[in-house]
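Heads up: the structure comes next, in structure tokens.
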Amino acid sequence: MCGRYSLRAEEGRIMRQFELYQTPRLIRRYNIAPSQSIPIVRLTPDGQRECVMVRWGLLPSWSKEPKTDYSTINARAETVATKPAFRTAFRSRRCLIPADGYYEWAVRPGSKTKQPYYIGLQDGEMFAFAGLWERWQREDTVIESCTIIVTEANELTRTIHDRMPVILGERDYASWLSAAARQTELLQSLLKPFPSERMRAYPVSTAVNSPRNDSETCIKAVDEESG
DNA sequence: CCAGACGTTGTT
DNA sequence: GTCTGG
DNA sequence: CCAGACGTTGTT
DNA sequence: GTCTGG
């Protein structure tokens, strides 16, 4: 699963990696939580890439109330093509979600508290989660939202948790964004665990537990025991 | 036909 | 919106 | 994901 | 215990 992440990269770096002409104004984030407004990269109706802020926690267009349901912050890769809450977005509203690390909480045997880990690429560089976005509209209120797709964990992340977010390599960005709705097999083939060899994970302090803490402390390595 | 659900995770 | 359950 | 709140009435 | 807020 993926319920917290960081995005420290600067706007220029994001524009380069995602081939954008502009981004919204962004500040460094160390502890992004569900329900917050996050930048996503998607295609405009005429096929241009754009970066916009949307709410994390997908709100289906048919929802009666526009409240965030925590259960839609992630979508299972195995079922995303068919579940009512996600399938229409899977067909035509896929997005990339820039990030440079995410957090998982490992259950520690014999301890009531969990050990948070910070997980990312080996070089700490920015990457993209595979995501979906949706638009909810009633009268004059429009709410755009998104979800992060998750899959089974790889060898590295499995030591912490049995699920992990889908990370896309740069070569797959265009396919993910623009594949035709019927190319289910191609799309599905992109939703695989990222290679362990290119990732790293280390324990961090429980400061990250509270979404109020949004500083470098969240990503600083600590010894396992000191949680 | 209409009503009601539509999600994921972790824990029990 | 669309499918399932009654 | 974790943290933090969670309620009504009557009186001042 | 369970829901809401971040």
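Note that the structure is a prediction, hence the values are computed from the model and not measured. So that the names make sense, note that chain A is the first sequence line, chain B the second, and so on, each numbered from 1.
- A heavy-atom distance below 4.5 Å is not found between the side chains of A:I32 and A:R4.
- Distance CD (A:Q36) to P (D:dC2): 15 Å, rounded to an integer number of Å.
- Listed nucleotides: C:dT2, B:dC6, B:dT8. Nearest to the side chain of A:A85: B:dC6.
- With rounding to whole Å, A:W136 atom CH2 is found 13 Å from C:dG1 atom P.
- Shown are A:P24, A:P98, A:C95; of these, the side-chain contact (heavy atoms from CB on, under 4.5 Å) with A:C51 is made only by A:P24.
- In this model, a side-chain donor or acceptor of A:Y70 finds a partner on the base of B:dT8 within 3.5 Å.
- Computed from coordinates, the A:E134 CD to B:dG7 P distance equals 13 Å when rounded to whole Å.
- Stacking between A:W105 and D:dC2 is absent: the aromatic ring centre is not both under 5.5 angstrom from the base six-membered ring centre and within 30 degrees in plane angle.
- A:Y103 comes within 4.0 angstrom of no nucleic acid atom, judged by non-hydrogen atoms across all strands.
- Using a 4.0 Å heavy-atom criterion, one finds that A:D162 contacts the sugar-phosphate atoms exclusively.
- Checking C:dG1, B:dT11, B:dT9 against the side-chain heavy atoms of A:W62 singles out C:dG1 as nearest.
- Of the candidates D:dC1, D:dC2, C:dG1, D:dC2 carries the atom nearest the A:K114 side chain, counting heavy atoms from C-beta on.
- Between the C1' atom of E:dG5 and the CD1 atom of A:I32 lies a distance of 17 Å, rounded to the nearest Å.
- Nearest to the side-chain atoms of A:S71 among the listed nucleotides D:dA3, C:dC3, B:dT8 stands B:dT8.
- Atom NZ of A:K64 is separated from atom P of B:dA5 by 9 Å (rounded to the nearest Å).
- In this structure, the nucleotide among C:dG1, E:dG6, B:dT9 sitting nearest to the side chain of A:P34 is E:dG6.
- Between A:R108 atom CZ and B:dT11 atom C1' the separation is 18 Å, expressed in whole Å.
- In this structure, A:N31 places its CG atom 12 Å from C1' of D:dA3, rounding to the nearest Å.
- Using bins of under 30°, 30° to 60° and over 60° for the plane-to-plane angle, the ring pair A:F129/A:F127 lands in the perpendicular bin.
- A distance of about 13 Å separates the P atoms of B:dT8 and D:dC1, rounded to the whole Å.
- The pair A:R163-A:E104 fails the salt-bridge criterion, with no side-chain N (NZ, NE, NH1 or NH2) lying under 4.0 Å from an Asp/Glu carboxylate O.
- With a 4.5 Å cut-off on side-chain heavy atoms, A:Q22 and A:E50 do not count as touching.
- Contact annotation: the side chain of A:E134 approaches that of A:S61 to within less than 4.5 Å [non-hydrogen atoms, C-beta and beyond].
- The nearest whole Å value for the distance from the CD atom in A:Q115 to the C1' atom in D:dC1 is 15 Å.
- Counting non-hydrogen atoms under 4.0 angstrom, A:P60 reaches nothing in the nucleic acid.
- The base of E:dG5 lies outside donor-acceptor range of the side chain of A:S35, with no N or O pair under 3.5 Å.
- Across all strands, A:V150 comes closer than 4.0 Å only to sugar-phosphate atoms, never to a base (heavy-atom distances).
- Salt bridge status for A:R16 with A:E125: absent, with no side-chain N to carboxylate O gap under 4.0 Å.
- Separation of the C1' atoms belonging to B:dT12 and E:dG1 is 14 Å when rounded to the nearest angstrom.
- Taking the P atom of each, E:dC3 and B:dA5 are spaced 14 Å apart, rounded to whole Å.
- Taking the side chain of A:M1 as heavy atoms from C-beta on, and the options E:dG6, B:dT8, B:dT9, the nearest nucleotide is B:dT9.
- Listed nucleotides: C:dG1, D:dC2, D:dG4. Nearest to the side chain of A:R212: D:dG4.
- Between B:dT9 and A:R163, a contact under 4.0 Å exists linking OP1 or OP2 to a side-chain N or O.
- Residue A:N209 places at least one side-chain N or O closer than 4.0 Å to OP1 or OP2 of D:dA3.
- For B:dT11 and E:dT2, the C1' atoms lie 14 Å apart once the distance is rounded to whole Å.
- Between E:dG5 and B:dG4, the distance separating the two P atoms is 26 Å to the nearest Å.
- Base pairing analysis places B:dC6 opposite C:dG1; the two distances defining the Watson-Crick or G-U wobble pair are each below 3.5 Å.
- In this model, the phosphate group of B:dT8 is approached by a side-chain N or O of A:T79 to a distance below 4.0 Å at OP1 or OP2.
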